[in-house]
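Notes follow the structure.
Protein chains get the first letters and strands the later ones, always in sequence-line order, with residue 1 at the start of each. These values consider heavy atoms only, across backbone and side chains, with no hydrogens, waters or symmetry-generated copies.
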Protein chains: 2
Amino acid sequence: MSESRSRSFVSAQMVADRAGVSRSAVSRTFTHGASVSEATRRKVLEAAGALGYHVNHLARGLRERSNIVCLVVADMTTPIRARMVEVLTRKLQAAGKITMVINTETETESVDSALRQTLNYRADATVVLSGTPPASLIETCLANGQQVILINRDEDLRGSSNLGVDNAMAGREALFLLRRAGCRRLGLVTSNARTASLVERERVFVEAARAAGLPVAVTEAGPTHYASGRDAARRVFGRSQAPDGVFCVTDLLALGFMDVARHEFGLAIPRDLCVVGFDDIEQAGWDSYRLTTFSQPLDAMADEVVDLLLRPAPGSAQRRIIEPVPVWRHSVRPGPV
Amino acid sequence: MSESRSRSFVSAQMVADRAGVSRSAVSRTFTHGASVSEATRRKVLEAAGALGYHVNHLARGLRERSNIVCLVVADMTTPIRARMVEVLTRKLQAAGKITMVINTETETESVDSALRQTLNYRADATVVLSGTPPASLIETCLANGQQVILINRDEDLRGSSNLGVDNAMAGREALFLLRRAGCRRLGLVTSNARTASLVERERVFVEAARAAGLPVAVTEAGPTHYASGRDAARRVFGRSQAPDGVFCVTDLLALGFMDVARHEFGLAIPRDLCVVGFDDIEQAGWDSYRLTTFSQPLDAMADEVVDLLLRPAPGSAQRRIIEPVPVWRHSVRPGPV
DNA sequence: TTGAAAGCGATACCAT
DNA sequence: ATGGTATCGCTTTCAA
């Protein structure tokens, strides 16, 4: 009867009518591990197929978990972020979750409204890749039984789970690499984003260098992009005392830095200049760059997120640090010239 | 009372109880353009704030549109795809929609299950960026009142709206550029993906060249990635008759191609070799490449998608072709040597 | 195994 | 302007 109207979703009731069974039978057929006779099951499946029935997860989510996970992210076109989104959506999907992406566009824009959306859609969890959510809102998410997972945020907000890479290690290791290459005049290039991760890499690198008696010229460029790396290089090599070893806190910065150093100042890498990056984006491996850098173990991080989601005890908010892995390529000499 | 239990979402009823009004009043307060007295409104808002209430969009979606849009996409880490996803999520969000991302991982993997998810969550529309959905499923989506928008798919499936760039124009223009540069031995590099877009660019380029009396050596590499461009270059320059003008159907292919041509075969670009790409990914503009290419008008495409969604007459499935815009950089000479 | 019925949370319609 | 009620589609008791 009512199926003829089309142009609207088909419900379990319609399937039940057509199959000549009760609405409950239909529900059971699609609920894993429910008891239905083979005969009923077949009838239901047949009717469902004919009608094009699909279980309404919205309605299902009314009573239990929605299986929705929100991803709050800015700067999605950045290679590293794109990879994070890809890995997360893929692994979440494999775990039976569906991902809602909330694009906060700029790091500064309020994550606030994003968190609210997350609440509106009754997401089981929110994964924050960008920005700093206000503590009060996190409180609200938690109070509503929603998990909050912060990635590379380091803000250490109570109740939220934190996941990040060991930035200190990267800072120390970068210094080690440059010193081993015999670099004497060190430089550090960072962006004006000043996120906790970036600041930490800078701090450790500079402090370790200072401890070794090597001062570091710090250059703060614009946003964490290729163009900022270029700008930084122009500034750095315009000065009298140009560095011969530079740690760029991000691959994108490093790539822009290298291009200007080479094409505008005629520097040979790694002969005249050694460069270390961070992230190991795909482009870092391209023949024109062959950048020595640190790879973020994205798979491991995504696995951890899924694990956190599936874990029965969400109360135990924790902080997990994952080690980045050094990737030696050719932008740093293996030893002094 | 019940608010103390926490660990569960707060409902309109709780807010109503606390504010001492009816559940309807709460609903009205949050429905745009409903009539509530200022006094009631204030009481509701106050209670809602205290309780941390957020309208349940899942429940709302039970009766009317869900405002969910599904994005079916593979190969998300690819710069062009990442940008598409970014633009779409951003513009959809601005239009009051929320985006669900379904990662189909590989072009070949069944878009089938993705479409089903879309149906499960009662998405108002599905935007397909990758893969070829089976016609029958599209049928089902449409029958359920869901819009289907295919981007750069060209499969021309009945009922779905199609959006794409003018690949023929790019093929023709690429040839024009290379001929003007005085190239005599033409080459074309494509991937084994053989999507409609890629095939079309190839077809038009080759046919136009043939018409002009210039044969084209076609090289089909692996997937549409940087590594495939490198492989192609190795194959192409290993042969006796190396080309002096090449159209790579994708920037990623072009970049890999350029790197090998330069670093492994010592070719100077554009002196010894001219290269044209397609997509205008960010890296194409980097100093190491300065690739002449065509830019996909992603903003316009996203606007069109939003427009399609908001349009009252979804019955009129249409096909919109948008012109890519040539981006002249330095991988092609302005004239003969 | 099966069907009837009670929610889940919100909105639209109807009276008031 | 306000409150009561039906309804959306599903899952889950509870009886039979």
Side-chain angles (χ1 to χ4, degrees), chain A residues 2-3 5 7-44 47-48 51-68 119-124 144-145, chain B residues 2-3 5 7-45 47-48 51-68 119-124 144-146:
Chain A
S2 49
E3 59 156 306
R5 246 286 278 111
R7 198 88 331 210
S8 171
F9 286 91
V10 3
S11 70
Q13 183 62 64
M14 297 179 187
V15 177
D17 289 349
R18 177 164 178 139
V21 299
S22 75
R23 180 216 301 241
S24 317
V26 177
S27 179
R28 278 192 281 262
T29 302
F30 291 101
T31 318
H32 188 77
S35 78
V36 218
S37 73
E38 196 46 49
T40 314
R41 175 183 207 77
R42 213 181 12 253
K43 274 192 292 183
V44 169
L51 258 33
Y53 171 71
H54 290 261
V55 176
N56 186 338
H57 282 29
L58 262 36
R60 169 186 281 177
L62 232 44
R63 295 175 70 67
E64 40 216 278
R65 336 180 59 215
S66 65
N67 282 330
I68 295 175
L119 256 9
N120 283 330
Y121 279 99
R122 295 307 191 250
D124 295 341
N144 283 334
Chain B
S2 50
E3 59 159 305
R5 246 285 281 110
R7 199 89 330 207
S8 170
F9 285 92
V10 5
S11 70
Q13 183 61 256
M14 297 179 184
V15 177
D17 290 349
R18 176 164 179 138
V21 298
S22 76
R23 181 216 301 241
S24 314
V26 177
S27 181
R28 277 192 283 263
T29 303
F30 291 101
T31 317
H32 188 76
S35 77
V36 217
S37 75
E38 195 46 48
T40 313
R41 174 184 207 77
R42 212 179 16 251
K43 275 191 294 183
V44 169
L45 251 25
L51 258 33
Y53 170 72
H54 291 262
V55 176
N56 186 338
H57 282 29
L58 262 36
R60 171 188 279 175
L62 233 44
R63 297 180 67 70
E64 42 214 276
R65 336 180 59 215
S66 65
N67 282 329
I68 295 174
L119 255 10
N120 282 330
Y121 280 99
R122 296 308 190 249
D124 295 341
N144 283 336
Q146 189 177 81

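- Of all non-hydrogen atoms in Gln146(B) and Arg122(B), the two that sit nearest each other are NE2-C, 4.4 Å.
- Nearest heavy-atom pair, Ser35(A) versus Arg28(A), reported as atom, atom and distance to 0.1 Å: O-CD, 3.6 Å.
- Side chain Ser22(B) to base dG4(D): no donor-acceptor pair is found below 3.5 Å.
- Using a 4.0 Å heavy-atom distance criterion, Tyr53(A) is classed as a sugar-phosphate-only contact.
- Each of Ala59(B) and Ser24(B) lies near DNA chain C, and the nucleotide nearest Ala59(B) is the one positioned closer to the 5' end.
- Heavy atoms only, all atoms of each residue included: Asp124(B) and Asn67(B) are closest at OD2-N, 2.9 Å.
- With rounding to the nearest 0.5 Å, the separation of CD1 in Ile68(B) from CD1 in Ile68(A) is 6.0 Å.
- Within 4.0 Å (heavy atoms only), Val26(A) reaches no atom of the nucleic acid at all.
- Within the nucleic acid shown, Arg60(B) comes within 4.0 Å of sugar-phosphate atoms alone, with no base atom in reach, counting heavy atoms only.
- If you measure from atom CZ of Arg23(B) to atom P of dG4(D), you get 10 Å, rounded to the nearest angstrom.
- Taking 4.5 Å as the limit, every side-chain heavy atom of Asn56(A) sits out of range of all side-chain heavy atoms of Arg60(A).
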*How does DNA chain D look in dot-bracket notation if pairs are Watson-Crick or G-U with both distances under 3.5 Å, crossing ones as [ ], other-strand ones as |?*
||||||||||||||||

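- Spacing between atom CD of Glu38(B) and atom P of dT2(D) amounts to 10 Å, rounded to whole angstrom units.
- Spacing between atom CG of Leu62(B) and atom P of dC10(D) amounts to 8 Å, rounded to whole angstrom units.
- Residue Ser35(B) is classed as a base contact, given a heavy-atom separation below 4.0 Å to a base.
- Comparing Thr40(B) and Arg63(B) along DNA chain D, the residue whose closest nucleotide (by nearest heavy atom) sits nearer the 5' end is Thr40(B).
- Looking at Tyr121(B) and Leu58(B), their side chains never come closer than 4.5 Å, going by heavy atoms from C-beta outward.
- Remark: C1' of dT7(D) and CG of Asn56(A) are 14 Å apart, rounded to the nearest angstrom.
- For Ala25(B), the listed nucleotide lying nearest its side chain is dG3(D); candidates were dG3(D), dT2(D), dC10(D).
- Boundaries of the chain A contact region on DNA chain C are dT1(C) to dA10(C), first to last in 5' to 3' order (nucleotide atom under 4.0 Å from a heavy atom).
- In this structure, Arg28(A) atom CZ and dT13(D) atom P are separated by 12 Å, rounded to whole Å.
- Regarding Leu58(A), its CG atom lies at a distance of 21 Å from the P atom of dT7(D), rounded to whole Å.
- Between the OH atom of Tyr121(B) and the C1' atom of dC10(D) there is a distance of 13 Å, rounded to whole Å.
- Between the CZ atom of Phe30(A) and the C1' atom of dT12(D) there is a distance of 18 Å, rounded to whole Å.
- With a 4.5 Å cut-off on side-chain heavy atoms, Leu51(B) and Arg18(B) count as touching.
- Annotation: side chain of Val55(B) is not in contact with side chain of Thr31(B) (no heavy-atom distance under 4.5 Å).
- Note that CG of Leu62(A) is 6.0 Å distant from CG of Leu62(B), once rounded to the nearest 0.5 Å.
- For the pair Tyr53(B)/Val44(B), no side-chain contact is recorded, criterion being any heavy-atom separation below 4.5 Å from C-beta on.
- Residue Ser27(B) is classed as a base contact, given a heavy-atom separation below 4.0 Å to a base.
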